[in-house]
Amino acid sequence: MRRWEQRGVITGYAARVDPEKLGRPIQAIVRVRSLDGPQFRDAILPLPEITDADHVTGDECWLLRVHCRTTAELERFVERAQRYGETTTSLVFSSPVRGRRLSL
């Protein structure tokens with residue numbers, strides 16, 4: 001383990017928390033086609049609703065996983081993201097594979 005840490009294979013340790021138990025039962029994937037990357041990064045990526053953000057190729061520039069308290073909060077988040085481009089939002093029913101470990 002120590003060798004992997006020194007080589008940068010292991011980059012950190014984290015606790016897994018249940019968003020529902022933190023009062024955030026609404027989970028969604030928000031895809032954004034951003035028109036202004038730097039402003040989007042500065043204004044949207046720091047928001048506490050976002051738990052994952054991937055800058056990707058394809059029609060959408062960003063895939064965001066967000067956790068909200070209510071659908072109204074999700075609506076406000078999406079409206080804020082729409083200031084920087086087009087969005088597509090999908091509610092998450094379940095996540096059967098999350099945080100799967102890579103084989104070493």
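All values derive from a computational prediction rather than experimental measurement.
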Q) Can you name the closest pair of heavy atoms from T87 and A81 and give their distance? A) CG2-CB, 4.1 Å

Q) Does the side chain of E5 reach to within under 4.5 Å of the side chain of Y13, using non-hydrogen atoms? A) yes

Q. Taking C-beta and beyond as the side chain, do R80 and L47 meet within less than 4.5 Å on heavy atoms?
A. yes

Q | Residue pair T88, V30: steps toward the side-chain contact (heavy atoms from CB on, under 4.5 Å) verdict | A | CA-CA 6 Å; T88 304; V30 179; over 6 Å; no

**Q.** Straight-line distance of R2 CZ to I10 CD1, nearest 0.5 Å
**A.** 11.0 Å

Q. Linking I/L/V/M/F/W/Y whenever any side-chain heavy atoms sit under 4.5 Å apart, do L45 and Y84 land together?
A. yes

Q: With rounding to the nearest 0.5 Å, note down the distance linking CD in E79 to CD in Q82.
A: 6.5 Å

Q | Side-chain heavy atoms of E49 within contact of R24, under 4.5 Å | A | yes

Q: Grab the two heavy atoms, one from P38 and one from D36, that are nearest each other, plus how far apart they are.
A: CD-OD1, 3.3 Å

Q) Got a salt bridge between R31 and D54, using NZ or NE/NH1/NH2 to carboxylate O under 4.0 Å? A) no

Q. From F77 CZ over to T89 OG1, what is the distance, rounded to the nearest 0.5 angstrom?
A. 8.5 Å

Q) Quick one: does E75's side chain get under 4.5 Å of V78's, heavy atoms only? A) no

Q.
Let me check something: do L91 and I50 share a hydrophobic cluster, defined by ILVMFWY side-chain heavy atoms less than 4.5 Å apart, either directly or through other members?
A. yes

Only distances under 3.5 Å count here; give the side-chain donor-acceptor pairs of residues 59-71 to other protein atoms, sequence neighbours excluded, each with its distance to 0.1 Å.
residue, atom, partner, partner atom, Å
D59, OD1, R33, NH2, 3.4
R65, NH1, Q27, OE1, 2.3
H67, NE2, T51, OG1, 3.3
R69, NH1, E73, OE1, 3.3
T70, OG1, A72, N, 3.4
T70, OG1, E73, N, 3.0

Q) With a 4.5 Å heavy-atom cut-off, do H55 and R41 have their side chains touching? A) yes

(Q) Quick check: do F40 and I44 have side-chain heavy atoms less than 4.5 Å from each other? (A) yes

